> 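Here it is, the structure, as structure tokens.
For clarity, every value in this text was computed on a predicted model and none was experimentally measured. Reminder, nothing fancy here: chain letters follow the sequence lines and each chain counts from 1.
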Number of protein chains: 2
Amino acid sequence: MLLELRHLRSLQAIYQGGSLARAAEQLHLTQSALSHQIRSLENYYQTPLYLRSTKPLTLTPAGLKLLALAQQVLPEVDATDRQLRSYAQGESGRLFIAIECHACFEWLIPVLDRYRQAWPEVEIDIRLGLNFEPIAALQKGEVDLVISSDPQAHKALSFEPLFDYEGLLALAHDHPLTAKKYIVPADLADQTLVTYPVERKRLDVFSRFLQPAGVEPANVRQAELTAIILLLVTTLKGVAVLPDWVLKESMSHNRFTTRPLGKAGMHGTLHAAVRRNESEAAFIQGFIALGKRAMDDVIVHYAE
Amino acid sequence: MLLELRHLRSLQAIYQGGSLARAAEQLHLTQSALSHQIRSLENYYQTPLYLRSTKPLTLTPAGLKLLALAQQVLPEVDATDRQLRSYAQGESGRLFIAIECHACFEWLIPVLDRYRQAWPEVEIDIRLGLNFEPIAALQKGEVDLVISSDPQAHKALSFEPLFDYEGLLALAHDHPLTAKKYIVPADLADQTLVTYPVERKRLDVFSRFLQPAGVEPANVRQAELTAIILLLVTTLKGVAVLPDWVLKESMSHNRFTTRPLGKAGMHGTLHAAVRRNESEAAFIQGFIALGKRAMDDVIVHYAE
DNA sequence: GAAAAACATGAAGTTTACTCATTTAATTTT
DNA sequence: AAAATTAAATGAGTAAACTTCATGTTTTTC
């Protein structure tokens with residue numbers, strides 16, 4: 001196959017310019033170069049592309065076919081080319097986000113709404129981290145940013161802190177445990193614990209609170225949606241551990257209260273993990289900047 | 001712009017093969033060549049296209065964009081490429097036919113029906129030669145074959161004879177001129193002549209019969225369709241000169257008869273004019289072969 | 001019919017793309 | 001863990017391709 005984009009560009013330029021000479025000028029070539037180029041194409045296809053008997057060259061049927069191809073293909077190529085250039089400048093790109101924690105939806109959706117307005121060129125998607133290891137997926141390029149609560153030293157990945165949170169026990173106003181100033185693991189031994197339907201190792205309550213103390217709740221029940229978990233809590237069907245931002249959001253509207261886990265509380269920091277070589281890209285930094293301010297309006301809400 | 005089809009082909013091969021080495025083999029290149037090629041692309045776009053940290057190379061978002069382009073564009077390019085190759089071999093091509101004579105429709109349509117079946121790849125169109133000079137259009141590549149009755153020596157065009165015809169005067173059974181064995185120009189001086197609506201110089205009656213004798217018919221009336229002309233003839237509204245094949249077709253169904261023009265009759269030969277360099281193309285020869293046999297079934301009809 | 005415009009041609013020069021040989025890195029095996 | 005294996009990167013040399021330059025033809029215009 002001899003045909004290259006270069007040839008299609010030449011054909012288009014000749015068509016637009018009406019002559020080899022003008023096309024050559026537009027393409028920053030000499031007329032001779034174009035003549036050679038066309039000749040080599042004609043040679044390759046064993047058929048003339050232009051009628052030489054007329055002086056402003058006119059296309060043969062074969063030439064017309066090629067020109068039609070040029071006019072179909074070149075715009076597509078140019079569009080992709082432009083897009084890739086802007087990728088490099090960080091003005092646009094692909095931002096596929098994987099989240100490990102279900103609760104993160106509560107702040108992520110509003111953040112993405114704002115992000116879309118600021119970075120309209122960026123292709124956004126959310127991958128719920130149920131079936132796969134988000135960090136591995138990040139390395140493999142399946143996703144471009146992972147919201148994670150346990151940063152790790154990694155040569156190819158960089159973890160940027162977003163904001164601190166505290167895991168709080170949510171319980172109904174009239175729940176017996178409201179009597180306590182803070183919760184210790186043993187308090188949950190006779191309770192029903194409501195969680196998101198994910199592996200235990202991904203749930204802070206287990207990995208950081210119950211398992212170190214060797215405590216198992218009387219019952220564990222799962223619910224997909226935050227609203228349902230809170231409903232179960234207010235109706236005394238169980239207790240749940242959720243990040244503070246979720247609870248602050250809903251506290252005023254629901255009849256439940258919160259207690260810290262342990263005397264000092266169970267604190268953590270949410271991080272955005274990205275591939276190190278992309279971490280400086282403007283559209284990535286733009287997301288992180290918005291992510292760091294995700295709690296701003298939640299706290300305003302809380303203050304009411 | 002650095003991007004060429006070559007790069008898109010490489011991306012596709014790497015995607016299909018799964019590795020540089022296999023792709024290189026498929027493309028008849030070395031692994032090194034591919035590595036250099038990819039690197040130059042990455043250099044140009046200032047962004048990696050593959051993640052090097054994984055061993056079977058995986059695409060970055062930017063790489064995916066390019067691959068998507070490749071998969072969209074390459075099939076189109078390949079299709080055109082194949083088509084152009086077959087152009088050269090004469091198996092396919094474009095056959096835009098210009099006809100100078102209205103009456104030619106009568107035999108051309110059935111011929112084209114047969115032609116389409118034999119040459120399904122050929123793109124067919126008919127351009128009615130009302131507004132333009134068909135021979136000039138042929139030279140300019142606007143059409144590819146002209147049905148003409150006056151062949152001329154031409155360096156760039158070749159005229160191939162199809163079949164002979166005779167221009168006959170059609171008149172109603174009860175028309176006074178039926179008394180004559182053959183018609184002389186003066187016979188039409190008091191007649192209404194019905195013709196197709198084209199310039200006189202294109203009508204044999206005028207250019208070869210009346211004008212040389214300096215005779216002008218009493219009246220000239222025009223009609224678009226052969227059927228209407230014949231209707232006018234049978235209803236004694238006028239007489240008309242038409243090629244024998246048209247009349248043979250309709251003779252049995254209509255109440256009219258024919259007389260030769262002049263003692264010897266006004267004979268001619270229809271030719272197919274094509275560009276000389278295309279005249280040997282198989283799909284052109286195929287049409288001419290069918291054209292030469294166009295009268296075969298007409299004559300059968302006449303014999304009934 | 002001469003002048004001008006447009007394209008073709010061929011040799012020379014330059015860029016570019018490819019190959020070869022080797023090194024480096026990642027993955028698998030022992 | 002270390003060795004072996006597979007896969008990709010690198011760099012210099014080479015060959016090919018594209019371009020230019022200078023000039024020759026052909027077509028068109030005046």
> Evaluate the criterion side-chain contact (heavy atoms from CB on, under 4.5 Å) for residue pair B:Glu123 and A:Lys65; output intermediate values, then yes/no.
CA-CA 12 Å; B:Glu123 211 179 316; A:Lys65 279 273 176 250; 3.2 Å; yes
> Roughly how many Å is it from CG in B:Leu57 to P in C:dA25, rounded to a whole number?
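Value for this atom pair: 15 Å.
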> Which whole-number value in Å describes the distance from A:Glu42 CD to C:dC7 P?
13 Å
> Look at atom CD of A:Glu25 and say whether more than 12 heavy atoms of other residues, nucleotides or ligands are closer to it than 6.0 Å.
no
> Flag yes if more than 12 heavy atoms outside A:Glu76 fall under 6.0 Å of its CD atom; otherwise flag no.
yes
> Ignoring hydrogens and angles, state whether a donor on the side chain of A:Arg85 or B:Tyr44 is under 3.5 Å from an acceptor on the partner side chain.
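Present: a donor and an acceptor within the cut-off.
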> I need the OH-C1' distance between A:Tyr50 and C:dA6, as an integer number of Å.
14 Å
> Please check if atom OH in B:Tyr196 has more than 12 non-hydrogen atoms from other residues, nucleotides or ligands closer than 6.0 Å.
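Check passes, neighbour count above 12.
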> Checking A:Ser148 against A:Glu100: is there a side-chain donor and acceptor pair closer than 3.5 Å?
yes
> Which atom pairs link the protein and nucleotides 12-19 of chain D when you take only N or O atoms and keep those under 3.5 Å?
residue	atom	partner	partner atom	Å
D:dC18	OP1	A:Arg6	NH1	3.1

> Run the side-chain contact (heavy atoms from CB on, under 4.5 Å) check on B:Leu2 and B:Ser40 step by step: do they pass?
CA-CA 9 Å; B:Leu2 179 140; B:Ser40 89; 4.0 Å; yes
> Is the NZ or CZ atom of A:Arg94 both under 6.0 Å from the centre of the six-membered ring of A:Phe96 and within 45° of that ring's axis?
yes
> Rounded off to whole Å, could you give me the CG-to-P distance for the B:Leu49 and D:dA8 pair?
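That distance rounds to 15 Å.
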> Mind calculating the distance between CD (B:Gln31) and P (C:dA26) to the nearest angstrom?
15 Å
> Among residues 9-26 of chain B, which contact DNA chain D at a heavy-atom distance under 4.0 Å?
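Close to the strand are B:Ser19, B:Leu20, B:Ala21.
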> In this structure, how many angstroms lie between the P atom of C:dC7 and the CG atom of A:Leu51, rounded?
13 Å
